[in-house]
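The block underneath contains the structure these notes are about, expressed in structure tokens.
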Amino acid sequence: VRLQACGGGLVQAGGSLRLSCVASGLTPSRYVMGWFRQAPGREREFVSAGSDTGRITYYSRSVKGRFTISRDNAKNTVYLQMTGLKPEDTAVYYCAVGLHTSDWQSYYSSIAPYDYWGQGTQVTVSS
């Protein structure tokens, strides 16, 4: 299984970016997906998660209303559309997938459900 994330870059505050994460070696419709981020000197934190169908989504309080997670199983791709970016959104963003389980929604914001991780893509927001 391999996850390839891309789409990061440098953007001014208020701008937008769309991150993509292409998965290979798995059947995407069986997997839940997540996005996490890690800023320098800080722990990795939850950003967003989505169910195997994409119909159920979750967001951290800090990004809710600005970020949107989505997926295209036909393309084996997960997206994170980011709008209204702020300097505090600056971090390395990681995509992750994990096999769907009946209790996934109980701990979607932890790293526990996610079996596979991408290499990360840098997002830098200037003020």
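Excluded from the calculations below are hydrogen atoms, water molecules and symmetry mates; all remaining heavy atoms, backbone and side chain alike, are included.
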Q) If two hydrophobic side chains count as joined below 4.5 Å and joins carry through other members, does I56 share a cluster with Y108? A) yes

**Q.** Audit row: Y58, F46, side-chain contact (heavy atoms from CB on, under 4.5 Å) steps and yes/no
**A.** CA-CA 10 Å; Y58 297 100; F46 168 75; 4.1 Å; yes

Q) In terms of side-chain heavy atoms, does Q122 have a donor or acceptor partner in T124 at a distance below 3.5 Å? A) yes

Q. If you group Ile, Leu, Val, Met, Phe, Trp and Tyr by side-chain heavy-atom gaps below 4.5 Å, do L17 and I69 land in one group?
A. yes

Q) Which distance, rounded to the nearest 0.5 Å, do you find between the CG of L3 and the OH of Y31? A) 10.0 Å

Q. Should the SG-SG distance of C21 and C6 be recorded as below 2.5 Å?
A. no

**Q.** Flag side-chain contact, heavy atom, 4.5 Å: T90 against V123
**A.** no

(Q) Take a 6.0 Å sphere around CD1 of I111 and say whether it holds more than 12 heavy atoms from other residues, nucleotides or ligands. (A) no

**Q.** Gap separating the OG1 atom of T77 from the CE atom of M33, nearest 0.5 angstrom
**A.** 11.0 Å

Q.
Please give me the minimum heavy-atom distance between F67 and V47, naming the atom from each residue.
A. CD2-CG1, 3.8 Å

Q. Could R37 and Y94 be counted as a cation-pi pair, given that NZ or CZ must be under 6.0 Å from the ring centre and within 45° of the axis?
A. no

Q.
Using 0.5 Å steps for rounding, measure from the SG atom of C95 to the CD atom of Q119.
A. 7.0 Å

Q: Could you state whether L99 and V32 fall into the same hydrophobic cluster, counting links through intermediate Ile, Leu, Val, Met, Phe, Trp or Tyr residues with side-chain heavy atoms under 4.5 angstrom apart?
A: no

Q) Which pair of non-hydrogen atoms, one from L19 and one from M82, has the smallest distance, and what is that distance? A) CG-CE, 3.7 Å

Q: Nearest 0.5 Å please: distance from the CG atom of L26 over to the CG atom of N76.
A: 6.5 Å

Q) Would you call D52 and R30 a side-chain contact if the rule is heavy atoms closer than 4.5 Å? A) no

**Q.** Any W35 side-chain heavy atom under 4.5 Å of V78 side chain
**A.** yes

Q: Taking the six-membered ring for Trp and the full ring for Phe, Tyr or His, determine whether the centres of F36 and Y114 are under 6.0 Å apart.
A: yes

Q) About how many Å separate CD of Q12 and OG of S126, when rounded to the nearest 0.5 Å? A) 5.0 Å

Q. Do you reckon W117 sits in the same ILVMFWY cluster as Y93, going by side-chain contacts under 4.5 Å, direct or chained?
A. no

**Q.** side-chain contact (heavy atoms from CB on, under 4.5 Å) between Q81 and S70, worked out
**A.** CA-CA 8 Å; Q81 178 69 49; S70 63; over 6 Å; no

Q. Are the side chain of S51 and the backbone of G54 linked by a donor-acceptor contact shorter than 3.5 Å?
A. yes

(Q) With a 4.0 Å cut-off on N to O distance, would you call R66 and D89 a salt bridge? (A) yes

Q. With a cut-off of under 6.0 Å to the ring centre and 45° to the axis, is R18 in cation-pi contact with Y79?
A. yes

Q) What is the minimum heavy-atom distance between S127 and A13, and which atoms define it? A) CA-CB, 4.4 Å

Q: Nearest 0.5 Å please: distance from the CD atom of E45 over to the CD atom of E43.
A: 10.0 Å

